[in-house]
Protein chains: 2
Amino acid sequence: MGRHREFDVEKALDAILCVFWSKGYEGTSYTDLTEAAGVERPALYSAFGNKEALFAQALDRYYERYLDYIPDALQKPTSREVAAHMLYNAIDLNTRYPKHTGCFNITGLLAGSDGAEPVRQMLIEVRARGEALFRERLERAKAEGDLPETAKPDALAAYLMAVLHGMAVQAKAGFSRETLEAVAEQALAAWPTRGS
Amino acid sequence: MGRHREFDVEKALDAILCVFWSKGYEGTSYTDLTEAAGVERPALYSAFGNKEALFAQALDRYYERYLDYIPDALQKPTSREVAAHMLYNAIDLNTRYPKHTGCFNITGLLAGSDGAEPVRQMLIEVRARGEALFRERLERAKAEGDLPETAKPDALAAYLMAVLHGMAVQAKAGFSRETLEAVAEQALAAWPTRGS
DNA sequence: GCTGTTTAATAACGGTCGTTACGAAATGTG
DNA sequence: CACATTTCGTAACGACCGTTATTAAACAGC
């Protein structure tokens, strides 16, 4: 019983996700959110909770809807292919939508008032989980002999993540897909091979 | 004639620079600024103008006081030494002050409301100037035979800047100097040599 | 000691922030 | 049709934002 919801919660969350993606947590106001979602404030509060909870749900959705290439990439047979897939899929994601370039996760991670510190910590934690997955995959590669004995999976993982984060920054600075592809190619030139 | 200024403008700007460094442009309030500078709001306005002008002056000061290693690095004899100096000096800067890790420039570049768009564009422009300087240095290296004929200075410059930006993100995520040094070492492994 | 000028501190401005009472509208059940 | 329940939009809340009018205090020159 009771009145039915008149808006599609998932569609609203998708629209909200894009705004946060572009402006970050604190850069986004409820005015921005209601305009994007086509839904008034109290409806957002009743559907998602407060701003922080709403952002958390947008972040979850970002990982499952846009970063779904990561599980696929991790299953590639060689570490080099894993790295290459991460790079080129990230480039595509970072440049696909002109209205919100870069990476949702990284965009909100850097700056913020003291009040937004919990959100920053949340993004830091999620980022670390992604890097851990990649590091574990590289440890497996080393165990399989795909990476040489001298390879350091933690350093390699941190390195590739650094390139990914850097490309997210550059995408925000207006870099084209082609330029970022040149960056990725250069980044892969350092990748250790079975031989060495 | 007239009353004398009772506070040191340069010291105040230094303190303000550190707050912007940590919280970005919009994440910093005038309450933060007055606390850090030990100066009331009207004094800041009379000395620096409004918030945007104040931020611009802090950015200038950041480049001349903290990024002064860049001109030095660019004068190193080989492109590899240039890249290495940029990387290791950046690591030092990004981790030297626990209260404001990362890079002032990158911190404010990603997120922001529509009202902060002019500031974002300013940071994007300044970042691009830095990359241009580095690219020109690599073009010179190529002309001198320090880089092989196949080397692409623009791609190499973008690549190294990506690593630098990525390390700034990781510093904000709490990375230690040692971990970032491992990243830099890995990044340099990709650097082209005279031979190839 | 005035006078004119610059700075200092207090306090307030209008606007926007995130959040939420509140009453009207819309549903399923008796 | 009444009823309880849920959602809706309006409108407002207190808090904080960047900015500034205002007044008192500190100086230089006559």
Side-chain angles (χ1 to χ4, degrees), chain A residues 1-13 15-17 19-20 22-59 108 111-123, chain B residues 1-13 15-17 19-20 22-59 108 111-123:
Chain A
M1 60 178 74
R3 186 171 174 174
H4 295 157
R5 200 162 251 142
E6 293 182 358
F7 69 96
D8 186 330
V9 176
E10 303 230 330
K11 280 194 177 183
L13 186 54
I16 285 166
L17 157 55
V19 185
F20 278 135
S22 167
K23 304 185 180 184
Y25 176 67
E26 286 190 312
T28 302
S29 71
Y30 265 94
T31 302
D32 296 327
L33 295 175
T34 54
E35 283 176 4
V39 166
E40 296 301 324
R41 284 164 220 231
L44 294 182
Y45 275 89
S46 96
F48 304 106
N50 70 0
K51 196 187 184 187
E52 187 172 330
L54 174 53
F55 184 83
Q57 291 167 70
L59 175 59
S113 74
D114 294 342
E117 193 59 24
V119 173
R120 272 196 60 239
Q121 291 303 324
M122 171 171 121
L123 292 169
Chain B
M1 61 177 73
R3 184 172 176 174
H4 296 155
R5 200 160 251 143
E6 293 182 358
F7 68 96
D8 185 331
V9 175
E10 304 230 330
K11 280 194 177 182
L13 186 54
I16 284 165
L17 157 55
V19 185
F20 278 134
S22 167
K23 305 185 181 184
Y25 177 67
E26 286 190 312
T28 303
S29 71
Y30 265 94
T31 301
D32 296 328
L33 295 175
T34 55
E35 284 177 1
V39 167
E40 296 302 323
R41 282 164 222 229
L44 294 182
Y45 275 89
S46 97
F48 304 106
N50 69 2
K51 195 185 184 187
E52 188 172 330
L54 174 53
F55 185 82
Q57 292 167 70
L59 175 59
S113 74
D114 293 342
E117 193 60 22
V119 173
R120 272 195 61 237
Q121 290 303 323
M122 170 171 123
L123 293 169

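Quick note on labels: first sequence line is chain A, next is B, and so on, each numbered from 1. Fair warning: this is a prediction, and the values are worked out from it, not measured in the lab.
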Worksheet entry | Under 4.0 Å protein heavy-atom contact, by nucleotide of nucleotides 18-30 of chain C - B base, S sugar-phosphate only | BBBB---BBBSS-
Discussion item. Is there a side-chain contact between A:Y25 and A:E52 in this structure, where contact means two heavy atoms from C-beta onward sitting under 4.5 Å apart?
Written reply: yes
Item to complete: Report yes if some heavy atom in the side chain of B:L33 is under 4.5 Å from a heavy atom in the side chain of B:L44; otherwise report no.
Response: yes
Practice prompt. Would you mind reading off the distance between B:F55 atom CZ and D:dC17 atom P, rounded to a whole angstrom?
Written response: 17 Å
Item to complete: Write down the distance between CG (A:L33) and P (D:dG9), rounded to a whole number of angstrom.
Response: 15 Å
Item to complete: Run the numbers on A:R5 and A:S46 for side chain to side chain contact (heavy atoms under 4.5 Å, CB included), then give the verdict.
Response: CA-CA 10 Å; A:R5 200 162 251 142; A:S46 96; 3.4 Å; yes
Worksheet item: B:F20 versus B:L54: any side-chain heavy-atom pair under 4.5 Å?
Response: yes
Worksheet entry | Residue pair B:F55 / B:L17, side-chain heavy-atom distance below 4.5 Å | no
Worksheet entry | Trace of the salt bridge (Lys or Arg N to Asp or Glu O under 4.0 Å) decision for A:R3 with A:E6 | CA-CA 9 Å; A:R3 186 171 174 174; A:E6 293 182 358; 2.9 Å; yes
Practice prompt. Take atom CG of B:L44 and atom C1' of D:dT19, then tell me their distance rounded to the nearest Å.
Written response: 12 Å
Fill in: Main-chain N/O of B:Y30 paired to B:K51 side chain as donor or acceptor, under 3.5 Å
no
Worksheet item: Are side-chain heavy atoms of A:S29 and A:K23 found at a separation under 4.5 Å?
Response: no
Worksheet item: To the nearest Å, how far apart are B:E40 CD and C:dT6 P?
Response: 22 Å
Worksheet item: Which residues in residues 112-120 of chain A have at least one heavy atom lying under 4.0 Å from any atom of DNA chain D?
Response: none
